Q: 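Dumping the structure here so I can ask a few things about it.
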Amino acid sequence: MKTLTGTRLYAIDNLRIVLTALVVAHHAAITYGNIPLWYYTEPAQDATGGALDLLVVADQAFFMGFFFLISGFFTPGSHDRKGARVFVRDRLLRLGVPLLAYLLLLRPLADIGGVLGRGDTPFWQYYLRSWDPGPMWFVEVLIVLALAYAGWRALRAPLDRRPAPLTVRPVVLFTLGLAAATFLWRLIVPSGTYWPVIGLPTPYFLPQYVSLFVLGCLAYRRGWFETLPARAAGLGFTLAGVATPLLLVPSLLTTGALSTALMAAWESAFAVGMIIGLTVWFRERHHTQGPRGRFLAGHAFTVYIIHPLVLVGLGWALSPLDTLAVVKFAAMLVLALPLCWWLAYLVRSLPGAKRVL
């Protein structure tokens, strides 16, 4: 097993690159699919929009939870090295400043269509009424979780760091527990719920987000990243693949509590399977990093912040193109990925930017 156990694990850095690119693809798919939850959309006029919707559903089942798990993985070590006061100050600086920058500067640009079409409504009124952090909701939740972790550490001593190989039984129990918690939560917060002001687009996924953040913290202490066997990659991908026809398809063909339970079970199994599969696969096959990889990883967080501007701009630029939804999606993605990283490089070149980004 080839791993790098320093402060930066290249395999996880490489995973962050792929997940960030998947975020860009996710919002490009929303642009041209049938789920109009983005700053700029062109609802699909052909059947290929359905394929984009399936991509969105599959992404949503695991990728943001994966981000929370990775964030949780690095949280205990950061607190150990810096101490409580510096840890909290660092989190507020490195997360709070980008959040404020997005809300005050970038969001009006990303929502330029709404701004220009606000009619006689004063800008300040439109701005407040449409208050929404966009994709930076992730940073909002992450700040809360980081502060909660700091509060927990103030009350209790940290777990000792000792290897404890992860076995099948706790994985199965976690998956079942997550499915049950998600189902019960959705009796209160149904799928499709949106929380205004704080701008959570998927509050019905909160059990997954919180539990995976906690699991990431525990994974750091117990060395699960290093000790998962290589065969776990195939088992994880198999779980995700088998769960889809067994749970997702029936959930789409039923209604009511049964549909909710099946969807919660599929999302949980799919998320656990994909996360285990990708984690081990990257650890075994993508655990090194050259100059190009360091560049992509170093700018990934900035790409996450600024990608709405790139996608909205490309949406307007590609609007005259009359073709299939999936073709416009592909064109947007091919252009957006290099543009996002180029713009992120320019942003991080500004004086003082790297202290935050």
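Just so we're clear, the structure is a prediction, and the values are computed from it rather than from any experiment. FYI, the numbering just counts along the sequence from 1. Quick note: numbers below take in every heavy atom, side chains included, and nothing from hydrogens, waters or symmetry partners.
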Q: Do R186 and F205 form a cation-pi contact, if we require the NZ or CZ to be under 6.0 Å from the six-membered ring centre and within 45 degrees of the ring's axis?
A: yes
Q: Around atom CH2 of W316, are there more than 12 heavy atoms from other residues, nucleotides or ligands closer than 6.0 Å?
A: no
Q: What class does the angle between the rings of F295 and Y345 fall in, given that below 30° is parallel, 30 to 60° is tilted and above 60° is perpendicular?
A: tilted
Q: Look up atom NZ in K328 and atom CG in D322, then write down how far apart they are to the nearest 0.5 Å.
A: 7.5 Å
Q: Closer than 4.0 angstrom, basic N to acidic O: yes or no for R222 and D160?
A: yes
Q: Does L95 belong to the same Ile/Leu/Val/Met/Phe/Trp/Tyr cluster as V144, with side-chain heavy atoms less than 4.5 Å apart forming each link?
A: no
Q: Please determine whether the number of non-hydrogen atoms from other residues, nucleotides or ligands lying under 6.0 Å from atom CH2 of W342 exceeds 12.
A: no
Q: If we ignore hydrogens and angles and just use 3.5 Å, is the side chain of T254 paired with the main-chain N or O of P250 as donor and acceptor?
A: yes
Q: Keeping D53 on the side-chain end and N34 on the backbone end, is there a donor-acceptor pair under 3.5 Å?
A: yes
Q: Aromatic rings H79 and Y149: how do their planes relate, parallel, tilted or perpendicular, breaks at 30° and 60°?
A: perpendicular
Q: Return the orientation label for the H307 and W38 ring planes: parallel under 30°, perpendicular over 60°, tilted otherwise.
A: parallel
Q: Is it the case that T48 and Y32 place a side-chain donor and acceptor less than 3.5 Å from each other?
A: no
Q: I want to check something: taking the side chain as every heavy atom from C-beta on, are L145 and T75 in contact at a cut-off of under 4.5 Å?
A: no
Q: Does W195 share a hydrophobic cluster with I188, counting links as ILVMFWY side-chain heavy atoms below 4.5 Å and allowing steps through other members?
A: yes
Q: Could you tell me whether the side chain of V303 reaches within less than 4.5 Å of the side chain of V24, counting heavy atoms only?
A: yes
Q: Determine, step by step, whether H287 and N14 satisfy the side-chain contact (heavy atoms from CB on, under 4.5 Å) criterion, reporting the C-alpha distance in whole Å, the side-chain angles of both residues, the deciding distance to 0.1 Å, and the verdict.
A: CA-CA 8 Å; H287 54 269; N14 295 334; over 6 Å; no
Q: Would you find a donor on one side and an acceptor on the other, under 3.5 Å apart, between the side chain of W137 and the backbone of I198?
A: no
Q: Between T41 (side chain only) and L37 (backbone N and O only), is there a donor and an acceptor less than 3.5 Å apart?
A: no
Q: So, D80 versus Y220: side-chain donor-acceptor pair below 3.5 Å or not?
A: no
Q: If you count heavy atoms of other groups shown closer than 6.0 angstrom to NZ of K354, is the number above 12?
A: no
Q: Has R283 got a side-chain atom pairing as donor or acceptor with A11's backbone, closer than 3.5 angstrom?
A: no
Q: Between W281 and F237, how do the two ring planes meet: parallel, tilted or perpendicular, split at 30° and 60°?
A: perpendicular
Q: Please confirm whether the backbone N or O of V23 pairs with a side-chain atom of Y304, one donor and one acceptor, at under 3.5 Å?
A: no
Q: Under a 3.5 Å distance rule, please check whether R81 uses its side chain to pair with a backbone N or O of G77 as donor and acceptor.
A: yes
Q: Mark yes or no for whether Q45, through its side chain, and P43, through its backbone, hold a donor-acceptor pair below 3.5 Å.
A: yes
